[in-house]
Amino acid sequence: MLTNTKPGLLLLLLLVFTVNLAETRWETSLHSGSPVSAADYRGAYVVQQLEPAFINFEFHDRTAPWAMYAYSISYFGLFPVLAIGILIALARRPELAPFRVLCLAVAADYIVSLPWFLMFPVPERWAYPESNAILLSDNWTSSLIDSIRPISAVNNSFPSTHVSLTVIIIAVCWLFHVRLRLTVTALGLMVIFATFVLGIHWLADIIAGVAVGMLSVGIAWRFTDTSERRELAHESELAVIRRRARPVRQLARAGGVQV
Amino acid sequence: MPSNKVTLLMLLMLIAVASGSRKSTVAAAQSSGSGEINFLSIVVDKETAAADTRLKRFLEKAVSAGSAADASHRRVRFPLQTMPYGDVIRAFAEAGSERPYLARITPYAYVAAEMLGAKLNILAVYRSSATRETTYHSYFVVRKDSFRAQVNWNPASGDASVEDIEKYLRSFKTPPKFMYHDRFSTSSYFMPSLYFKAREVFASNQTLNSRLTPIEVERLATTSSSDLVQRVLDRKADLVAVWDGTKKKWESHPELLFIQIPTPVPNDFLVASGIDAATERLILDAITKHPEADRACTDLTVPARSVPIAGAEVRTPCEGEPNPPTDDFDSWYAWDSIDSEVTDSAREALAKLRQDARRRPTPVVVKVERVPKDRLPDQRMEDLLNAYVHAAREAVRLSGTEFVLEDRDLHKRADMTWALESTHDGALKLTSRLNSGFAKSAEEFKISFVDTNDLPRRIADLARSRLRRIRYVWPYEQKYPVVLRDLDFTPDQRVIVQKISWMDPARNEYEEDTPFEAQIENNTDLSKLRLTDEIKFPRNADGSFNFDPLSNIAYRVVIARAPQAGRIWVVLTYGFIGLFAFACAGVAIDLRRRQPPAKGFQQTYQRMVEAYHRPWREQEIEEGQILWCDPACLDVFVRELKTAGSFVDVVKAGGFDFNFGPLPMRFSILMKLGSSLFKRRDLVEAAGGGNVMALDTLIQFLVCRRRLSPFVGLPESGASTSRLPAWPIEWEALNEIASRNFQRLGICDKRVEANLGTQHSVLSGVVSNHFRSVIKKATHDASLFCQTWTVRQSETAAGLDFEGQMSTALLLRNQDGSATASKVRLEVHLPAGCALAGSAPDGKLRAWVFGKILNWSVEHATVSLHIKPIAILRDYADQH
């Protein structure tokens with residue numbers, strides 16, 4: 001079974017990655033001219049209507065240069081570092097379950113998001129002129145967005161994969177007591193903020209991304225073997241003792257233990 | 001003296017009473033909304049001044065009488081203030097709404113005040129004695145002899161036309177002199193200026209090109225247009241312009257020729273500002289009933305109204321009067337009332353005047369360009385860019401702004417260049433640059449669009465809302481530089497100003513000066529944008545600004561939209577600092593956080609092994625500590641490690657270095673930096689660095705990277721514990737788990753020794769499995785453990801032996817089958833003749849063995865582990 005070994009899980013991740021790559025390529029090939037269609041604009045119109053009035057991206061391009069660099073690094077650099085970091089950290093653990101929860105959550109995330117990408121295409125905020133937003137990282141270089149385009153189509157904005165994967169990373173860190181979980185949380189929030197500040201994602205994308213991320217972790221947790229979950233959860237030691245060392249408990253009750 | 005004192009006292013009392021009564025009058029008047037109202041009058045000739053005084057008195061009387069009907073009788077005062085055109089305009093344009101004004105104002109002064117933001121109501125317009133209408137004309141005045149000589153005009157062929165004026169002006173070898181008295185004078189300046197502008201006549205002392213006509217312009221310090229005519233007669237001016245009234249006075253002069261400018265202009269208006277509706281009503285009623293406004297008689301025989309109002313317009317003709325009035329203000333007619341039939345022509349003339357005064361912004365020529373063909377990768381890109389260029393050209397037209405597309409056959413230069421290129425995701429990148437004089441002026445915009453029908457709209461929208469716009473300083477105002485506002489967006493307060501000298505406006509040819517910065521004082525004023533008094537603006541000797549409406553020199557102002565980013569951007573920008581601080585605090589908290597208690601059997605065992613090896617992290621091996629070492633075996637082992645390498649080694653060697661867009665991701669540098677920071681040493685071979693160094697780096701490497709096998713022998717009681725640990729130490733791991741959970745469950749409040757391995761336990765299966773897996777790992781990886789050995793030395797063989805009793809017999813399974821073992825025997829084989837220094841007389845030696853398990857077997861309830869040593873080290877604690 002693919003999900004019972006670490007190489008198998010890595011293969012699963014690779015499969016998700018490949019499917020996403022193919023889907024993005026296929027979706028992009030459908031457009032001969034502009035990659036954004038009138039239908040996509042309708043999607044953008046809908047999500048824009050959901051935003052509160054104070055969110056106005058006029059003169060968004062006047063954001064302080066240092067903030068532009070900082071958020072660009074967060075979005076394009078910090079996120080992959082976090083993702084690879086947590087992948088390695090969990091892969092190095094002797095237990096399989098943390099790694100499995102992470103990998104299954106990523107797969108679930110893609111499965112949940114894919115129908116939205118196909119049936120409710122929403123262009124990134126900057127690609128909808130009425131939003132007045134620009135892609136802030138373009139003030140640095142367009143190579144940044146070009147580098148992620150093969151795996152992230154311009155009209156696959158809803159829900160935000162960056163946000164959902166970041167939520168998965170943060171959730172897994174807290175679930176499995178990764179030592180740098182507080183740091184990862186702060187850095188993850190930077191990534192989530194960056195999706196908004198850079199003019200890429202709508203507020204609706206971010207909220208949906210959080211929901212999909214949490215749902216994905218839930219699904220992955222659900223599909224993780226019960227015994228492993230118990231062992232991994234904080235209260236698991238007692239359960240292990242109860243299950244494997246029932247006589248010890250009897251021994252203790254009988255007072256045959258030196259206290 | 002006493003009488004003087006009494007006189008002084010009475011005088012003071014009189015003043016007090018007088019001032020008190022005045023205050024009460026004003027207060028009462030204000031309470032009814034008709035208090036003191038300034039009556040402004042433009043300085044002109046004495047006849048007009050007398051007419052203004054008469055009108056003011058008539059209105060005072062009318063308002064006082066009207067307000068007496070619904071309140072106690074009071075006197076309403078209209079203090080008369082006489083001032084030049086410009087000051088009257090400013091008084092209206094800059095007056096607060098609470099200051100009431102009435103004025104008799106000329107038409108262009110009215111339009112100028114309106115353009116500068118004055119809120120004026122036209123109450124009435126007068127009917128002229130000279131024209132018999134509510135409109136008049138402006139006339140150029142020339143000397144007949146000069147005109148005849150220059151233009152070959154013959155009086156017999158008919159009246160001269162304005163077209164002849166252009167010929168007349170062109171005929172001079174040196175620029176002819178045009179004289180005026182005030183630049184806000186409609187007839188003397190504004191109407192001629194429109195004529196000059198339309199025919200490219202500029203105030204300049206040189207011929208700029210064959211199409212432009214230079215003239216010399218001079219202001220005559222007078223308030224009467226008759227003085228201008230006199231200048232023409234005196235040959236001190238070649239051309240002036242006057243109105244019908246002046247023409248009437250001088251038209252019989254044989255040396256003068258009056259040439260009419262065909263466009264009619266309305267007569268002067270009676271205007272009000274800040275006056276309440278009731279007072280306005282009183283004024284209008286009075287004027288409607290008494291159009292003569294106390295003028296003694298009328299010069300006009302035909303009444304203005306076709307249906308006279310009862311009681312009105314029964315006027316005495318001036319013919320035969322001993323002292324007839326000489327002013328032009330025959331009668332006044334309400335602007336918005338039943339008098340509309342009288343005022344219709346004036347209304348139309350005013351509308352035309354407004355249109356002429358607020359002419360379209362000067363066109364801004366836009367050049368659209370794209371990347372040259374030879375720099376494009378393929379034909380597809382060529383087609384795409386061509387589509388962009390086409391869309392941008394459409395957008396210039398659709399934008400409805402002052403932007404006009406460059407026509408190379410007409411325009412000599414472009415004011416703005418739009419460079420188009422394709423960027424990511426099919427979007428268009430538009431870079432807008434001002435002409436070369438502005439140096440760094442590029443603005444970049446990325447425009448996403450659906451298709452080529454959508455793109456022109458997007459670009460046009462951008463042109464309207466975001467691109468910089470060019471407007472000109474209004475040259476009529478001399479008190480301060482000002483731009484008449486016609487832009488809906490809030491402009492940025494910082495603007496760039498550039499002086500240009502028109503060479504040929506129709507071909508957009510001009511000479512440009514170095515741009516300079518100026519500030520808009522109040523960018524919320526919807527009528528005008530007043531600029532700061534920059535030193536680079538031209539000034540007259542009296543300190544006023546020397547902008548000349550007739551000159552070919554203009555000051556253009558580049559206006560950008562004010563960057564009004566929402567507060568959310570401030571919050572989000574600085575939010576990053578907050579998150580960064582949170583991350584730093586997170587690192588500190590995470591690193592300081594105690595490692596959580598181990599979970600499960602595996603982790604607990606692993607922790608125990610790490611604790612067992614921990615002293616070696618800081619311990620440096622000394623030469624005397626090495627009891628025995630096999631350098632050849634050591635080097636082989638080091639080479640194996642180096643060849644295989646770990647993930648970290650691969651990273652360190654640059655295997656994971658890559659470029660992420662513009663970012664060079666060099667993990668190798670980070671790893672090397674980290675190694676140097678944490679003083680990590682690289683592996684060395686014994687052949688190169690000696691046994692001590694090779695062994696030291698190797699053990700450090702294995703311990704720090706957790707690359708040692710989990711086999712730790714049979715740990716003996718240390719200094720901290722008195723009892724002998726249960727063997728194998730899997731039992732200790734279980735003891736640890738049990739103890740921790742007993743404590744958590746409240747069974748005991750301190751750590752307990754569960755001693756799970758002291759009897760045959762159901763857990764022995766768990767321990768057996770684990771012990772076997774540990775031995776298996778130890779056959780692959782090196783082990784480092786300490787025992788109190790029995791030294792075995794003979795001529796044929798040498799070695800170290802240790803035998804211990806297991807806490808509970810374990811069922812161990814190997815390739816030969818299963819067997820129960822209750823004892824453990826560790827055998828370290830050394831080369832024959834090997835001497836180990838430091839062993840006790842009883843042949844006991846406490847030492848660390850660093851090596852691998854060669855094989856293991858179970859015989860006679862004893863599990864024997866055969867160990868191939870790499871080095872034998874004296875136990876540090878034992879040594880000291």
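To find a chain, count down the sequence lines: A is the first, B the second, and so on, and within it residues start at 1.
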Just checking heavy atoms, which of residues 458-468 of chain B are less than 4.5 Å from chain A?
B:R458, B:R466

Would you find more than 12 non-hydrogen atoms of other residues, nucleotides or ligands less than 6.0 Å from A:K6 atom NZ?
yes

The interface call for A:I145 against chain B, heavy-atom contacts under 4.5 Å, is side chain

Does the separation of the ring centres of B:F576 and A:Y71 fall below 6.0 angstrom?
yes

First locate atom OG of A:S142, then atom NZ of B:K446, and finally report the distance between them rounded to the nearest 0.5 Å.
5.0 Å

Passes side chain to side chain contact (heavy atoms under 4.5 Å, CB included), A:I134 versus B:E444? Steps please.
CA-CA 10 Å; A:I134 66 152; B:E444 281 185 6; over 6 Å; no

To check you understand the geometry: which heavy-atom pair defines the closest contact between A:N56 and B:W569, and what is its length?
O-NE1, 2.9 Å

How many angstroms lie between atom CG of B:L579 and atom CD1 of A:I192, to the nearest 0.5 angstrom?
9.5 Å

Measure distances from A:R62 to the heavy atoms of chain B and classify the residue's part below 4.5 Å as side chain, backbone, both or neither.
side chain

Sort out for me which of B:A427, B:P563, B:G586 touches chain A most, counting heavy-atom pairs under 4.5 Å.
B:P563

Where on B:I447 is there a heavy atom nearer than 4.5 Å to chain A: the side chain, the backbone, both, or neither?
neither

Under a 4.5 Å heavy-atom cut-off, does chain B meet the side chain of A:D146, its backbone, both or neither?
side chain

List for me each residue that meets side chain to side chain donor-acceptor pair (under 3.5 Å) alongside A:H60, sequence neighbours excluded, and say none if there are none.
none

Most contact-rich option vs chain A, by heavy-atom pairs under 4.5 angstrom, among B:L455, B:I577, B:T423, is B:I577

Please list, chain by chain and in numerical order, all residues satisfying side chain to side chain donor-acceptor pair (under 3.5 Å) with A:W26, sequence neighbours excluded.
none

Pick one of side chain, backbone, both or neither for B:F580, based on which atoms fall under 4.5 Å of a heavy atom in chain A.
both

In terms of heavy-atom proximity below 4.5 Å to chain B, should A:F54 be classed as side chain, backbone, both, or neither?
both

Under a 4.5 Å heavy-atom cut-off, does chain A meet the side chain of B:A562, its backbone, both or neither?
backbone

To the nearest 0.5 Å, atom OG1 of A:T183 lies from atom CG of B:D590 at 3.5 Å

Counting heavy-atom pairs under 4.5 Å with chain B, which one of A:F57, A:F59, A:W126 comes out on top?
A:F59

Check each atom of B:T573 against the heavy atoms of chain A and say whether the ones under 4.5 Å are side chain, backbone, both or neither.
both

Which one of A:D138, A:V178, A:L187 has the most heavy-atom pairs closer than 4.5 Å to chain B?
A:D138

List for me each residue that meets ring pair (Phe, Tyr, Trp, His ring centres under 6.0 Å) alongside A:F158, sequence neighbours excluded, and say none if there are none.
A:W116, A:F120

Given heavy-atom pairs under 4.5 angstrom as the criterion, report whether the side chain, backbone, both or neither of A:N132 touches chain B.
neither

A:F193 CZ: over 12 foreign heavy atoms closer than 6.0 Å:
no

Within a 6.0 Å radius of atom CZ on B:R494, are there more than 12 heavy atoms belonging to other residues, nucleotides or ligands?
no

Identify the heavy atoms of B:S448 and A:P129 that sit nearest to each other, and give their distance.
O-CG, 3.2 Å

